[in-house]
Amino acid sequence: MKRKKYHKGNFFKHSYCVFDERSFDEIKDIAHNYVSESGSKYIFLEEGLYRISNHWGRVANCRWKLNSLDKKSQELKLGFALWDNFYPNDEAQNIFYIEYDIATQTYQYKHKLQSNKVHIYRNAAQTAKVLKDIKLIHETSSWAKHLQYDDLEVLKNEIITSLIQTNKTLLEIKRDFL
């Protein structure tokens with residue numbers, strides 16, 4: 001996949017980006033350059049852009065995530081991203097992979113151009129399905145009802161790792177533990 005150069009004239013066209021949450025104090029003396037129909041505000045800089053919005057994730061034909069400790073949605077938040085943090089987004093191509101941190105029990109999807117390592121790449125729908133399965137495993141225990149295991153936390157990590165590192169479905173992976 002060819003690396004496209006993004007700027008204020010094309011960043012909103014089929015792009016993927018992870019913005020870092022910032023304090024509104026950073027922009028208190030800076031005027032907005034653009035306000036979208038949905039009310040998001042943008043400030044363009046030479047090196048990147050600020051986005052003020054209450055909606056992140058899937059935005060029109062883009063996927064824009066916000067790195068934030070506060071996961072409350074629908075709150076107005078400020079994000080900043082360098083132009084180099086934008087990547088091409090094509091929902092049908094296998095361009096997403098999932099990272100899982102066992103120590104912190106956190107997981108997230110990323111764009112294939114964000115890593116030089118070998119991963120299992122999926123399209124947007126497949127990635128969303130695996131993320132949904134991982135969330136189910138993290139938040140419930142009913143999925144383990146008929147499985148044989150000694151330690152539920154160890155089982156969770158094994159199954160999540162298999163979901164991320166293979167193309168097996170959750171059902172196929174669970175069969176290995178019957």
Side-chain angles (χ1 to χ4, degrees), residues 1-6 11-12 14-22 47-51 53 55-73 75 77-144 147 149 151-177:
M1 174 175 285
K2 187 180 175 191
R3 182 82 157 112
K4 182 177 179 179
K5 196 80 172 143
Y6 286 92
F11 75 97
F12 53 87
H14 301 280
S15 65
Y16 166 92
C17 185
V18 179
F19 289 76
D20 290 319
E21 186 172 13
R22 298 288 182 90
E47 67 273 8
L49 79 122
Y50 285 101
R51 178 174 190 257
S53 185
H55 55 282
W56 298 86
R58 194 168 189 175
V59 180
N61 56 36
C62 299
R63 289 193 178 266
W64 294 344
K65 298 182 344 179
L66 179 67
N67 269 341
S68 173
L69 296 176
D70 181 9
K71 299 297 181 192
K72 294 177 189 169
S73 61
E75 278 188 19
K77 297 194 180 191
L78 173 67
F80 178 78
L82 296 170
W83 295 121
D84 286 344
N85 291 351
F86 283 84
Y87 299 95
N89 181 45
D90 181 336
E91 300 287 310
Q93 283 189 341
N94 293 338
I95 58 173
F96 299 108
Y97 68 95
I98 299 170
E99 273 190 353
Y100 177 57
D101 184 335
I102 292 176
T104 61
Q105 299 288 295
T106 57
Y107 52 94
Q108 61 181 322
Y109 72 94
K110 293 187 172 187
H111 193 281
K112 79 186 288 182
L113 295 176
Q114 288 181 280
S115 174
N116 294 328
K117 296 179 183 176
V118 175
H119 299 279
I120 297 291
Y121 299 107
R122 298 174 175 87
N123 65 31
Q126 294 164 334
T127 302
K129 170 72 173 109
V130 173
L131 289 170
K132 182 179 176 184
D133 288 344
I134 292 171
K135 183 176 181 180
L136 172 79
I137 292 165
H138 263 287
E139 295 179 0
T140 70
S141 60
S142 59
W143 56 270
L147 304 182
Y149 60 91
D151 185 329
L152 183 61
E153 291 306 309
V154 171
L155 179 65
K156 283 182 179 183
N157 289 333
E158 286 181 30
I159 290 180
I160 290 170
T161 300
S162 290
L163 280 169
I164 292 169
Q165 294 179 354
T166 71
N167 282 316
K168 288 183 178 180
T169 66
L170 178 56
L171 185 59
E172 290 170 330
I173 294 168
K174 285 173 52 174
R175 283 185 187 138
D176 294 338
F177 293 93

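The structure presented is a predicted model; accordingly, all values stated were derived computationally and were not measured.
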I want to check something: taking the side chain as every heavy atom from C-beta on, are [X] and [Y] in contact at a cut-off of under 4.5 Å?
{"X": "Ile164", "Y": "Ile134", "answer": "yes"}
{"X": "Ile159", "Y": "Trp143", "answer": "yes"}
{"X": "Leu152", "Y": "Lys156", "answer": "yes"}
{"X": "Gln108", "Y": "Val18", "answer": "no"}
{"X": "Phe80", "Y": "Asn85", "answer": "no"}
{"X": "Gln114", "Y": "His119", "answer": "no"}
{"X": "Leu170", "Y": "Ile137", "answer": "yes"}

Tell me every residue that passes salt bridge (Lys or Arg N to Asp or Glu O under 4.0 Å) with [X], counting only those two or more places apart in sequence or in another chain.
{"X": "Asp20", "value": "none"}
{"X": "Arg175", "value": "none"}
{"X": "Glu47", "value": "none"}
{"X": "Glu99", "value": "Lys110"}

Restricting to side chain to side chain contact (heavy atoms under 4.5 Å, CB included), what partner residues turn up for [X], sequence neighbours left out?
{"X": "Asn61", "answer": "His14"}
{"X": "Glu139", "answer": "Lys135"}
{"X": "Val154", "answer": "Asp151, Glu158"}
{"X": "Thr169", "answer": "Leu171, Glu172"}

Using side chain to side chain donor-acceptor pair (under 3.5 Å) as the criterion, list what pairs up with Asp101, not counting sequence neighbours.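 Expected list: Thr104.
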For Tyr100, which residues count as a side chain to side chain donor-acceptor pair (under 3.5 Å) partner, sequence neighbours excluded?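 Partners of Tyr100 under the side chain to side chain donor-acceptor pair (under 3.5 Å) test: Gln105, Asn157.
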How would you list, by chain and number, every residue that makes a ring pair (Phe, Tyr, Trp, His ring centres under 6.0 Å) with Trp83, sequence neighbours excluded?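 Here the qualifying residues are Phe11, Phe86.
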Look up atom [atom1] in [X] and atom [atom2] in [Y], then write down how far apart they are to the nearest 0.5 Å.
{"X": "Asp84", "Y": "Leu113", "atom1": "CG", "atom2": "CG", "result": "12.0 Å"}
{"X": "Lys65", "Y": "Phe19", "atom1": "NZ", "atom2": "CZ", "result": "12.5 Å"}
{"X": "Ile102", "Y": "Ile160", "atom1": "CD1", "atom2": "CD1", "result": "8.5 Å"}
{"X": "Ile95", "Y": "Arg63", "atom1": "CD1", "atom2": "CZ", "result": "9.0 Å"}
{"X": "Ser53", "Y": "Glu75", "atom1": "OG", "atom2": "CD", "result": "12.5 Å"}
{"X": "Leu66", "Y": "Trp56", "atom1": "CG", "atom2": "CH2", "result": "5.0 Å"}

Looking at Asn123, is its backbone amide N or carbonyl O close enough to the side chain of Asn94 to form a donor-acceptor pair, meaning the two atoms are under 3.5 Å apart?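 Side chain of Asn94 to backbone of Asn123: a pair is present.
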Carefully, step by step, assess Leu155 and Phe177 under the rule side-chain contact (heavy atoms from CB on, under 4.5 Å). CA-CA 9 Å; Leu155 179 65; Phe177 293 93; 3.5 Å; yes
Would you list the pairs meeting salt bridge (charged side-chain N to carboxylate O under 4.0 Å, His left out) in which at least one residue belongs to residues 113-130, sequence neighbours left out?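 Non-adjacent pairs meeting salt bridge (charged side-chain N to carboxylate O under 4.0 Å, His left out): Lys129-Asp133.
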Could you report the tightest heavy-atom contact between His111 and Tyr97, atom names first, then the distance?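 Scanning both residues, the minimum pair turns out to be O-CE2, 3.2 Å.
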Considering non-hydrogen atoms only, spot the tightest contact between Ala144 and Tyr149 and give its length.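 That would be O-CE2, 3.6 Å.
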